[in-house]
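Values below: all heavy atoms of this structure, side chains included; hydrogens, waters and symmetry mates excluded.
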Amino acid sequence: MELIFVVVGGAILGLATQFVVPLRHLRGVAVGSAIGAGVAAVVWVALTWLGWPWDGGWIWVAALVASALVPAAVLYFISPRREHADAALFERLSRPGVARA
C-alpha cells in the first residue's frame, strides 16, 4: 500500500518539475510525472530490499527527494537538446531542393 502512495507522490513531484524547469513548451506534460513515478518506485523497492523499514521516515524522504531531483535533472538536460533538434529539423525541411548527406 505504501508503494502506491510513494508512486503517486513521485508523480506529483515530477509534475511539479514540469513547471519549475524552463522550456516547458518543448516537452510533454507527462514526461516529468512518468519519470518521477518510476524513480520513486525504484528507490522505494531498492531501499526496502536493503532492509530500510517501510514505516520509517527516511525511506519516504529518500524516495520523494529522488523523485523530485531526478526528473528536474532529466528535464533540464533534454529541453535544450530538443530545442536544438527542432531548429536543425526546421533548417533541413525549409530547404527542400538541397541534397543532404
Side-chain angles (χ1 to χ4, degrees):
M1 189 66 166
E2 287 79 10
L3 182 60
I4 293 172
F5 293 140
V6 80
V7 168
V8 170
I12 292 169
L13 290 172
L15 178 65
T17 61
Q18 171 72 13
F19 300 103
V20 174
V21 179
L23 301 174
R24 82 178 87 149
H25 64 281
L26 295 174
R27 56 187 180 265
V29 71
V31 174
S33 294
I35 295 170
V39 167
V42 168
V43 169
W44 180 272
V45 170
L47 293 177
T48 302
W49 285 348
L50 290 174
W52 288 32
W54 53 266
D55 58 350
W58 288 113
I59 193 169
W60 287 92
V61 170
L64 292 177
V65 166
S67 69
L69 294 179
V70 172
V74 170
L75 294 178
Y76 182 76
F77 286 113
I78 66 170
S79 297
R81 292 188 60 152
R82 172 71 187 266
E83 187 174 37
H84 177 70
D86 285 352
L89 180 64
F90 178 77
E91 282 297 318
R92 186 173 61 87
L93 293 176
S94 65
R95 300 186 185 155
V98 178
R100 303 268 186 215

Problem set entry | Pair listing, side-chain hydrogen bond (donor to acceptor under 3.5 Å, both in side chains) test, anchored in residues 52-68, at least two apart |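 Those involving residues 52-68 do not exist here.
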I'd like to know if [Y] and [X] are part of one continuous hydrophobic network [Ile/Leu/Val/Met/Phe/Trp/Tyr, side-chain heavy atoms within less than 4.5 Å].
X: V31; Y: V20; result: no
X: F19; Y: L75; result: no
X: V74; Y: L15; result: no

Please report, to 0.1 Å, the donor-acceptor pairs under 3.5 Å made by any side chain of residues 1-9, with sequence neighbours excluded.
none

For this session: Show which residues join V42 in its hydrophobic cluster (side-chain heavy-atom contacts under 4.5 Å, direct or indirect), or state none.
Result: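 Members alongside V42: none; it stands by itself.
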Exercise. Would a distance-only check, ignoring hydrogens and angles, find a side-chain to backbone donor-acceptor pair under 3.5 Å from S33 to A30?
Worked result: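 No: the side chain of S33 does not pair with the backbone of A30.
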Exercise. Roughly how far, to the nearest 0.5 Å, is the CZ atom of F90 from the CZ atom of R95?
Worked result: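 R95 CZ to F90 CZ: 9.5 Å, rounded to 0.5 Å.
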Problem set entry | Distance, nearest 0.5 Å, that separates CG of L64 from CG of L13 |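 It is 6.0 Å, given to the nearest 0.5 Å.
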Problem set entry | Heavy-atom closest pair, residues L47 and A62 |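 So the two residues come closest at CD1-CB, 3.6 Å.
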N/O donor-acceptor pairs under 3.5 Å from side chains in residues 22-29, not counting sequence neighbours:
| from | atom 1 | to | atom 2 | distance (Å) |
| --- | --- | --- | --- | --- |
| R27 | NE | Q18 | OE1 | 3.2 |
| R27 | NH1 | P22 | O | 3.1 |
| R27 | NH1 | L23 | O | 3.1 |
| R27 | NH1 | S79 | OG | 2.5 |
| R27 | NH2 | Q18 | O | 3.3 |
| R27 | NH2 | V21 | O | 2.9 |

For this session: Would you please name every residue forming a side chain to side chain contact (heavy atoms under 4.5 Å, CB included) with A66, sequence neighbours left out?
Result: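 Side chain to side chain contact (heavy atoms under 4.5 Å, CB included) check on A66 returns V39, V43.
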Problem set entry | All salt bridge (charged side-chain N to carboxylate O under 4.0 Å, His left out) counterparts of R82, not counting sequence neighbours |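 R82 satisfies salt bridge (charged side-chain N to carboxylate O under 4.0 Å, His left out) with D86 once adjacent residues are dropped.
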